[in-house]
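Please read these numbers as outputs of a predicted model, since none were measured by experiment.
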Amino acid sequence: MNPDLIITGPQTPRPAVSVVIPAYNRAHCVAAAVESVFAQTFKDIEIIAIDDGSSDGTQDALVQFGDRIQLLCQDNRGVSSARNAGVRAARGQWIAFLDSDDRWHPEKLECQIAALKKYNGRVCFTRCVNHHDQLLRDIDFIAADLCEPGIFYVKNAVDSVCISPRHPLIQTMVADKSLLEQIGLFDESFPAAEDAELIFRMSFFTGFLYVDRPLATIFENSDDGLYNSMRLTFLTRRHQSYLRLLAHMYWRLVESSPEKLSVMRKRLGYFISRRAELACAADHRNVARALARDGILFAGSLRDFVRCAGVLFFPAFVRNRARKKWPA
């Protein structure tokens, strides 16, 4: 698939790293994200920004960079489509993703490329902090081997999605473009959880290097981005995506890693119970009851069990309580 329109782009020799920045209605912050890439100490890069059908001047904010970046414009198709368009247009051996409201620290790419070359890796993540400068702990629950001080190797990369409560973040990843093409890029049918789904598929092909330094700042829970919202309709799609992903993970692990199934059942139980609660809030009674019955069977905690029982036996109470948390 070609982008609908290429506004501008540099004519330079093939770069080592292609940085892909999807943006939707981010006129107020996307320029700062781009500037954080220009500030990298590693300079052999190209920047590909994708305006995913914005209506707020995002395109104008990106056009100001002229031929310093390649700007692709397309109708609104979602973050996965935007990222895939960027990967297809990329000329570098390595692909790095940055969301339009996040920032990189200047040494990020230099540290990752050095680690990838030194240890012959295909994928490398880094730690990150949120916008309150609080460390996001996405590797703490994953078994990793120490390559050298500050650099880990996660050999059993499946655990990074299946066992850990937080998977590594796409915004910190540098990956071999040929690997992304081999696994089929992002699944555009996922309105959410597309990053976890990609990492899960990738984990069957390679282990992950991990730079144990916070080299990115992630702005969590933005309410106007490509996929973040606390509204009921979006949350329903989000939890449905995670249920679909977890079901796929569960059945794939049946043969490859059956010892992980108990963890997957617990995670499935949580998302089934939440999806039942959301269906109850939307007054989708049949769906809510069906999910709640399954959720009781899968419940991995007392809280999940109580949530499903409430949907079954006290639906009006659950519905009123949920609607206060999540507007329609």
query = Is any side-chain N of the basic residue among Arg319 and Glu277 closer than 4.0 Å to the acidic one's carboxylate O?
reply = no
request  = May I ask you to test the Leu71-Ile50 pair for a side-chain heavy-atom distance under 4.5 Å?
outcome  = no
message = I'd like to know if Asp52 pairs up with Arg77 as an ion pair, taking the criterion as any Lys NZ or Arg NE/NH1/NH2 lying under 4.0 Å from an Asp or Glu carboxylate oxygen.
response = no
inquiry  = Is it true that, when you exclude Phe204 itself, more than 12 heavy atoms of the residues, nucleotides or ligands shown sit nearer than 6.0 Å to its CZ?
reply    = yes
inquiry  = Between Ser81 and Gln74, is there a side-chain donor-acceptor contact under 3.5 Å, judged purely by atom types and distance?
reply    = yes
key: Met202 side chain reached by Met173 side chain, heavy atoms, under 4.5 Å   = yes
ask   = Are any side-chain N or O atoms of His167 and backbone N or O atoms of Ile199, one a donor and one an acceptor, separated by less than 3.5 Å?
value = no
ask   = Is the backbone of Leu246 close enough, under 3.5 Å, to the side chain of Trp251 for a donor and an acceptor to pair up by distance?
value = no
request  = Give the intermediate values and the outcome of side chain to side chain contact (heavy atoms under 4.5 Å, CB included) for residues Ile69 and Leu62.
outcome  = CA-CA 8 Å; Ile69 70 172; Leu62 292 167; 4.2 Å; yes
message = Any carboxylate oxygen within less than 4.0 angstrom of a Lys/Arg side-chain nitrogen, looking at Glu110 and Lys43?
response = no
ask   = When you look at CZ of Phe42, are more than 12 heavy atoms from neighbouring residues, nucleotides or ligands closer to it than 6.0 Å?
value = yes
request  = Just do the salt bridge (charged side-chain N to carboxylate O under 4.0 Å, His left out) check on Arg14 and Glu46 with the steps written out, would you?
outcome  = CA-CA 9 Å; Arg14 183 183 179 188; Glu46 68 175 354; over 6 Å; no
note = Note: Arg103 and Ala33 closest approach over all heavy atoms is NH1-N, 3.9 Å
inquiry  = Do Phe219 and Asn130 have side chains that approach each other closer than 4.5 Å (heavy atoms only, starting at C-beta)?
reply    = no
Shortest non-hydrogen contact from Ala90 toward Ile48 = CA-CD1, 3.5 Å
task = Return the minimal non-hydrogen interatomic distance between Ala216 and Thr172, and the atom names on each side.
result = CB-CG2, 4.0 Å
request  = Check the side chains of Asn286 and Arg289 for a donor-acceptor pair under 3.5 angstrom, ignoring hydrogens and angles.
outcome  = yes
message = Within the 4.5 Å heavy-atom criterion, are Asp176 and Val123 side-chain neighbours or not?
response = no
ask   = Which atom pair, heavy atoms only, marks the closest approach of Lys108 to Gln40?
value = N-OE1, 3.5 Å
inquiry  = Tell me whether Arg323 contacts the main-chain N or O of Ala281 through its side chain, where contact means a donor paired with an acceptor under 3.5 Å.
reply    = yes
request  = List in chain and number order the residues that pass side chain to side chain contact (heavy atoms under 4.5 Å, CB included) with Ser80, two or more places apart in sequence or in another chain; answer none if no residue qualifies.
outcome  = Phe186, Glu188, Glu194
query = Is the shortest heavy-atom distance from the side chain of Trp94 to the side chain of Lys177 under 4.5 Å?
reply = no
message = Quick one: does any side-chain atom of Asp99 pair with a main-chain N or O of Asp102 as donor and acceptor, under 3.5 Å?
response = no
request  = List the atom of Val311, the atom of Ala288, and the distance in Å for their closest heavy-atom pair.
outcome  = CG1-O, 3.6 Å
message = Any carboxylate oxygen within less than 4.0 angstrom of a Lys/Arg side-chain nitrogen, looking at Asp101 and Arg26?
response = yes
message = Is any side-chain heavy atom of Gln112 closer than 4.5 Å to one of Thr126?
response = yes
task = Please indicate whether Tyr119 has more than 12 foreign heavy atoms, meaning atoms of other residues, nucleotides or ligands, lying under 6.0 Å from its OH.
result = yes
Atom CD of Glu255 with >12 non-hydrogen neighbours under 6.0 angstrom = no
ask   = With a 4.5 Å limit on heavy-atom distance, are the side chains of Thr217 and Val129 in contact?
value = yes
request  = Identify the heavy atoms of Lys266 and Asp304 that sit nearest to each other, and give their distance.
outcome  = O-OD2, 4.3 Å
ask   = Any donor and acceptor pair, going by atom type alone, linking the side chain of Ser100 with main-chain N or O of Val30 inside 3.5 Å?
value = no
task = Could you tell me whether a side-chain N or O of Ser257 sits under 3.5 Å from a main-chain N or O of Leu253, the two making a donor and an acceptor?
result = no
remark   = With sequence neighbours left out, the residues meeting side chain to side chain contact (heavy atoms under 4.5 Å, CB included) with Ser203 are Ala157, Val158, Phe200, Phe208
key: Arg201 side-chain N/O to Leu185 backbone N/O, donor-acceptor pair under 3.5 Å   = yes
inquiry  = Is the positively charged end of Arg244 above the ring of Phe190, judged by distance under 6.0 angstrom from the centroid and angle within 45° of the axis?
reply    = yes
query = Are any of the side-chain heavy atoms of Trp104 and Val19 separated by less than 4.5 Å?
reply = yes
